[in-house]
Colleague: 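Please find one structure pasted underneath; my questions will follow.
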Amino acid sequence: MATTSRSRRKTDDEKKNKKKQSPVDERPTVPAPSEAMLNNLRTAFGLLDRDSDGHVTPAELQFMLRNLGIEVSDDLISDLIKDASKTGNGLIDENDFMQWVTKIQALQGLDVTTSGGDSEEEITRDLLAAFKVFDRDDNGYITRDELQAALEMIGEPVTDAQLNQVLALGDIDHDGRIDYEEFVKMLL
C-alpha cells in the first residue's frame, strides 16, 4: 500500500514539474553570420542600394533582378520587401537585408557561420556566376561594351578612361576582351 501511495505522489510531482517547464521553441534558430559573410552581404546591399540612401526600395530590387535576367512580378517584389522589412515601410535597410538573407540561407541549410573559408569548388562556382553576369551574350568573353553595361547595371558608371584602365588590367593577351581565365586572375 505504501508503494502505491509513493507512486501516486511521484506521478503528481511529475505532473507539477511538467507544468512548470517552459514551452520549447521549435522554430529554427538563425546562427550569427561570419565576418566574411557579413562583408559579402554589405557589398550586395551596396549594389542593390543604387542611390546610396541606406535603403533598398522595391524599384531598386526589381531593377537589379531584371538586369540579371530574372523576371519577378511587382507583387512578388512587394511581398519580398514586406517580408524583409522590420518596419513594414516598404524599404529594407542594411540590417534588415542581412537578417533576411541570413534567414533564407539558414532555411536552405547553408552554413553562414564559417569564417569564409570557401572551398575551391564554391569559389569557382561564384567566379563563374560573376563572369556570366558580365558575359551577357554567353560567348566566353567580356567585351568593352559588356563591361560597361555590367558596371552601369550595378550602379557604377565609368568613364572611358576608367573602362580602358580596367580592360588593360584584365586583358592579359591583349585581344581586346577578357576571357574567364583573365577574369579570374584579375579578381584573385
Colleague: Rounded to the nearest 0.5 Å, how far apart are OG of S78 and CG of L61?
Modeller: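 That separation rounds to 10.5 Å.
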Colleague: For Q162, I'd like to know if atom CD has over 12 heavy atoms of other residues, nucleotides or ligands within 6.0 Å.
Modeller: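 Atom CD in Q162 is crowded, with more than 12 foreign heavy atoms closer than 6.0 Å.
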Colleague: Working to the nearest 0.5 Å, report the span between CG of D74 and CD1 of I81.
Modeller: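 Rounded to the nearest 0.5 Å, the CG-CD1 separation comes to 11.5 Å.
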Colleague: Hey, could you give me the OG1/CZ distance between T143 and R177, rounded to the nearest 0.5 Å?
Modeller: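 Answer rounded to 0.5 Å: 9.5 Å.
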Colleague: Salt bridge check: are R144 and D160 linked by an N-O gap of less than 4.0 Å?
Modeller: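 Looking at R144 and D160, the cut-off is met.
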Colleague: Please check if the side chain of E146 supplies one atom and the backbone of D137 the other of a donor-acceptor pair under 3.5 Å.
Modeller: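 Yes; at least one donor-acceptor contact below 3.5 Å.
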Colleague: Is there a chain of hydrophobic side chains (I, L, V, M, F, W, Y, each step under 4.5 Å between heavy atoms) that links F134 to L128?
Modeller: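 Cluster IDs for F134 and L128 match.
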Colleague: Tell me, do I92 and H55 make a side-chain contact under 4.5 Å, heavy atoms counted?
Modeller: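 Side chain of I92 against side chain of H55, heavy atoms only: no contact under 4.5 Å found.
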Colleague: Verify the cluster assignment for I172 and L127: are they in a single hydrophobic cluster under the rule of side-chain heavy atoms below 4.5 Å apart?
Modeller: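 The answer is no; the residues belong to distinct hydrophobic clusters.
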Colleague: Quick check: do Q62 and T57 have side-chain heavy atoms less than 4.5 Å from each other?
Modeller: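 Heavy-atom side-chain distance check fails, nothing below 4.5 Å.
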Colleague: How many angstroms lie between CG in L147 and CG in N164, if you round to the nearest 0.5 Å?
Modeller: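 So the gap between those two atoms works out to 10.0 Å.
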Colleague: Does the ring centre of Y180 sit less than 6.0 Å away from the ring centre of Y141?
Modeller: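 Ring centroids of Y141 and Y180 are no less than 6.0 Å from each other.
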Colleague: Rounded to the nearest 0.5 Å, what separation is found between the CG atom of D179 and the CD1 atom of I142?
Modeller: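 Separation between the atoms: 9.0 Å.
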Colleague: Hey, is the main chain of F97 close enough, under 3.5 Å, to the side chain of D93 for a donor-acceptor pair?
Modeller: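 Side chain of D93 to backbone of F97: no pair is present.
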Colleague: Please report the closest heavy-atom contact between S85 and G90, naming both atoms and the distance.
Modeller: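 Scanning both residues completely, I find the closest heavy atoms to be OG-N, 4.3 Å.
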Colleague: Evaluate the side-chain proximity of D83 to D79: yes if any heavy-atom separation is below 4.5 Å, no if none is.
Modeller: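 The answer is no, as the side chains (C-beta and beyond) never meet within the 4.5 Å cut-off.
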Colleague: Considering all heavy atoms of both residues, which atom of G140 and which atom of F131 are nearest to each other, and what is their separation?
Modeller: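 Where G140 meets F131 most closely, the heavy atoms are O-CZ, 3.5 Å.
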Colleague: Applying the 4.5 Å side-chain criterion to the ILVMFWY set and letting contacts propagate, would L76 and L91 be lumped into a single cluster?
Modeller: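 Different hydrophobic clusters.
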Colleague: Mind checking the CG-CZ spacing from D96 to F45? Nearest 0.5 Å is all I need.
Modeller: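 Separation between the atoms: 8.5 Å.
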Colleague: Does G176 offer a backbone N or O that forms a donor-acceptor pair with the side chain of D171 under 3.5 Å?
Modeller: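 Yes, D171 side chain to G176 backbone: donor-acceptor pair under 3.5 Å.
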Colleague: Linking I/L/V/M/F/W/Y whenever their side-chain heavy atoms sit closer than 4.5 Å, directly or via other members, would V158 and L167 fall into one cluster?
Modeller: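 Yes, V158 and L167 fall within the same hydrophobic cluster.
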